[in-house]
Participant: 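Below you will find the structure I want to go over with you.
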Amino acid sequence: MSLLCLGIETSCDDTSLALVKDGRLVGQATSSQVELHALFGGVVPEMASREHARLIGPLCDKLFYDAGVSPDAVDVVAVARGPGLLGSLLVGVAFAKAFTLGRGTRLVGVNHLHAHLLAVGLEQELCFPALGLLVSGGHTHLCRMESPVVMPVLGRTLDDAAGEAFDKAGKMLGLPYPAGRHIDELANEGRASANLFPRPYLDNDTLDFSFSGLKTAMSVYLAAHGKPGANWDPASGETILPQGEARATLADLCASYRLAVVETLIAKTRKALESGGMGDIAALALAGGVASNSLLRQSMRDLAARFGKRFLAPSPALCTDNGAMIAYAGWLLARQGLCHSLDLEAIPRGRTVP
C-alpha cells in the first residue's frame, strides 16, 4: 500500500518538515536557529519554541509548494514527540494534531532517538538486529535495534552527552557554537596526544557513559597552560584563529580532545559487541549530530569491519535533527498499522518515550 507521510521535527532548535513516500524522500524544508542561539553559547528554550511557532506554518507551505504535492495527498502525519525541549516539542505536536484534524489523516508520534537511528534507511538498506550508537548534543545512547519499534537501551550518558562535551570544550577554547564541527576541522590539522586527556568512565562493567569529567579536564588544562588564542565574536559571528605556533597548539589540543571522546565511545561500543547476546548482530549503526565527526565515523567503520558487521551511518545532512528522519520513521510505523489518537503527549528530555 502506497503511503505519503508528512514528518515534523521541532525537538530542539531546528524546525524541519519533510515528505516521505514509500520509503523515499520527496521533499524537505528546514530552518536552523544556530545563529540566534550562538549569541548565548547554547540553546535558549523559550526562544527556540517561539521561533518554531513563527516558522512552522510558512515552512509547511514551502514544503508542499516546492514538492508539487497537495496537502490532501498526505496519508499520515508523523511528529517528534520526544525526548527534547518541552516547549519546542509542543509546537510540533500541536501543529501535527491540527493538520490531522483538518485533513482527516492518521497521526503517529515518533521517538526522536529512534528516528535518528533509522534515518540511514533513507540511503541504505536497514538490517536487524543491529547495535546502534546515537551520539548528539543531548544524547549518548547504545541501543540494540531489534526492529523499527523495539530498541532497548543498553547504555546511556549519566551526565553530559558527547556532543555537549565538544560544545562546552569549544566554548572554553573560544570557538563558535556549536563547536563540534570546528573542533573536528582543527583536529585534522593537529597531532593528538594519547595521554593529554582521560578516557572517562571505562573502569566499570556497565555500558553507560560520562563525559562531565572530560570537560573538567579541559578546563583544568587551560587554567594551567592558558588558552591558545582563538577569539569568537558573537556579535559578528566571526572567529579569529591564531596563526603559526599558536594555531598548531590549538589544533593539537583539539586533536587530543577529539581522540579522548572517540576512544571512549569506541571502547564502550566494543564492550557491547563482546558482551553476551550479541552474536546475532548484523550491523553496527552510527547516528546523531556527532556521527558527522570524521574520526568517529572512521573508527566505527573500522570496528564494524573488525567484527565482520555491516557499517550503517547516514550522510552528514541526515545526522542533524531533520524532518526526513521523522517522516521516514513515521512511514515505517504507519506501514505496520501503528498510530496515535489526538491525546498524544509530548515527552520532554529526562522521561522515557513509551
Side-chain angles (χ1 to χ4, degrees), residues 38 41 133 135-137 140 157 160-203 209-233 238-271 284 286-307 311 313 315-316 319-320:
L133 175 64
V135 195
S136 68
T140 306
T157 184
D160 296 341
E164 184 177 356
F166 275 125
D167 289 339
K168 295 297 175 61
K171 187 174 183 179
M172 295 179 210
L173 292 170
L175 299 175
Y177 171 86
R181 174 174 62 86
H182 303 284
I183 289 178
D184 191 36
E185 291 172 353
L186 282 164
N188 289 333
E189 300 178 18
R191 295 177 297 177
S193 169
N195 301 315
L196 190 59
F197 295 108
R199 277 56 175 164
Y201 208 65
L202 293 184
D203 296 329
F209 302 88
S210 172
F211 289 100
S212 61
L214 186 57
K215 187 177 63 178
T216 301
M218 172 65 84
S219 177
V220 170
Y221 178 89
L222 294 179
H225 298 86
K227 294 184 179 181
N231 183 24
W232 174 54
D233 180 10
E238 295 182 356
T239 301
I240 302 174
L241 294 175
Q243 299 302 316
E245 185 176 343
R247 185 184 179 100
T249 299
L250 175 61
D252 290 348
L253 195 56
C254 289
S256 301
Y257 191 82
R258 180 182 68 172
L259 182 65
V261 173
V262 170
E263 287 192 343
T264 300
L265 293 168
I266 294 296
K268 288 287 186 175
T269 307
R270 183 175 60 248
K271 181 181 289 188
L284 182 59
L286 177 64
V290 184
S292 296
N293 184 281
S294 58
L295 180 62
L296 179 58
R297 286 179 84 92
Q298 186 58 53
S299 299
M300 290 291 285
R301 184 180 289 109
D302 293 343
L303 182 64
R306 196 177 315 148
F307 281 82
F311 174 66
S315 61
C319 288
T320 57

Participant: Return the set of residues passing salt bridge (Lys or Arg N to Asp or Glu O under 4.0 Å) with Arg247 (not counting sequence neighbours), or none when no residue passes.
Facilitator: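 Arg247 satisfies salt bridge (Lys or Arg N to Asp or Glu O under 4.0 Å) with Glu189 once adjacent residues are dropped.
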Participant: Are more than 12 heavy atoms from other residues, nucleotides or ligands located less than 6.0 Å from atom NZ of Lys171?
Facilitator: no
Participant: Could you go step by step and tell me if Leu265 and Thr140 meet the side chain to side chain contact (heavy atoms under 4.5 Å, CB included) rule?
Facilitator: CA-CA 9 Å; Leu265 293 168; Thr140 306; 3.7 Å; yes
Participant: What is the distance from atom CZ of Arg306 to atom CD1 of Ile266, rounded to the nearest 0.5 Å?
Facilitator: 8.0 Å
Participant: Check side-chain hydrogen bond (donor to acceptor under 3.5 Å, both in side chains) between Thr157 and all other residues, then give those that pass, not counting sequence neighbours.
Facilitator: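 Residues passing side-chain hydrogen bond (donor to acceptor under 3.5 Å, both in side chains) with Thr157: none at all.
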Participant: Specify the closest pair of heavy atoms between Gly137 and Ala161, including all atoms of both residues, with the distance to one decimal.
Facilitator: O-CB, 3.6 Å
Participant: Would you check if the side chain of Thr249 reaches a backbone N or O of Pro228 as a donor-acceptor pair within less than 3.5 Å?
Facilitator: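 No; zero donor-acceptor contacts below 3.5 Å.
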Participant: Below 4.5 Å, heavy atoms only, C-beta onward: do Leu286 and Phe311 meet side chain to side chain?
Facilitator: yes
Participant: Got a sec, which residues hit ring-ring contact (aromatic ring centres under 6.0 Å, His included) with Tyr221, two or more places apart in sequence or on another chain?
Facilitator: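 Residues passing ring-ring contact (aromatic ring centres under 6.0 Å, His included) with Tyr221: His225.
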Participant: Got a sec, which residues hit side chain to side chain contact (heavy atoms under 4.5 Å, CB included) with Thr216, two or more places apart in sequence or on another chain?
Facilitator: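 Partners of Thr216 by the side chain to side chain contact (heavy atoms under 4.5 Å, CB included) criterion, ordered by chain and then number, come out as Val220.
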Participant: Does the side chain of Arg297 come within less than 4.5 Å of Cys319's, by heavy atoms?
Facilitator: yes
Participant: Check side chain to side chain contact (heavy atoms under 4.5 Å, CB included) between Pro198 and all other residues, then give those that pass, not counting sequence neighbours.
Facilitator: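 Checked Pro198 against side chain to side chain contact (heavy atoms under 4.5 Å, CB included); matches are Leu214, Ala217.
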Participant: Lys168: what forms a salt bridge (Lys or Arg N to Asp or Glu O under 4.0 Å) with it, not counting sequence neighbours?
Facilitator: Glu164
Participant: If the condition is side-chain hydrogen bond (donor to acceptor under 3.5 Å, both in side chains), which residues does Arg301 pass it with, not counting sequence neighbours?
Facilitator: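 For Arg301, the residues satisfying side-chain hydrogen bond (donor to acceptor under 3.5 Å, both in side chains) (neighbours in sequence not counted) are Gln298.
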Participant: Residues two or more places apart in sequence or in another chain: which of them pass side chain to side chain contact (heavy atoms under 4.5 Å, CB included) with Ala305?
Facilitator: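 By the side chain to side chain contact (heavy atoms under 4.5 Å, CB included) rule, Ala305 matches no residue at all.
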Participant: Does Asp160 have any side-chain hydrogen bond (donor to acceptor under 3.5 Å, both in side chains) partners at least two apart in sequence or in another chain, and if so, which?
Facilitator: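 Here the qualifying residues are Lys215.
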Participant: Are any of the side-chain heavy atoms of Leu173 and Lys227 separated by less than 4.5 Å?
Facilitator: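 No; the side chains remain at least 4.5 Å from each other.
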Participant: List for me each residue that meets side chain to side chain contact (heavy atoms under 4.5 Å, CB included) alongside Asn293, sequence neighbours excluded, and say none if there are none.
Facilitator: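 Here the qualifying residues are Phe166, Asp184, Arg258, Val262, Val290, Leu295, Leu296.
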Participant: Report yes if some heavy atom in the side chain of Arg181 is under 4.5 Å from a heavy atom in the side chain of Ser292; otherwise report no.
Facilitator: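 No, too far: nothing below the 4.5 Å cut-off.
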Participant: Considering non-hydrogen atoms only, spot the tightest contact between Met300 and Leu133 and give its length.
Facilitator: CE-CD2, 3.7 Å
Participant: I'd like to check the salt bridge (Lys or Arg N to Asp or Glu O under 4.0 Å) partners of Lys268; sequence neighbours left out, ordered by chain and number.
Facilitator: none
Participant: Side-chain donor-acceptor pairs under 3.5 Å in residues 250-257, sequence neighbours left out?
Facilitator:
{"unit_1": "Asp252", "atom_1": "OD1", "unit_2": "Arg191", "atom_2": "N", "d": "2.7"}
{"unit_1": "Ser256", "atom_1": "OG", "unit_2": "Ser193", "atom_2": "N", "d": "2.8"}
{"unit_1": "Ser256", "atom_1": "OG", "unit_2": "Asp252", "atom_2": "O", "d": "2.9"}
{"unit_1": "Tyr257", "atom_1": "OH", "unit_2": "Ala165", "atom_2": "O", "d": "2.9"}

Participant: Got Phe307 and Thr269 here, is their nearest side-chain heavy-atom distance under 4.5 Å?
Facilitator: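 No; the side chains remain at least 4.5 Å from each other.
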Participant: Taking it one step at a time, do Arg199 and Leu259 satisfy side chain to side chain contact (heavy atoms under 4.5 Å, CB included)?
Facilitator: CA-CA 9 Å; Arg199 277 56 175 164; Leu259 182 65; 3.5 Å; yes
Participant: Please report the closest heavy-atom contact between Pro200 and Thr264, naming both atoms and the distance.
Facilitator: CD-OG1, 3.3 Å
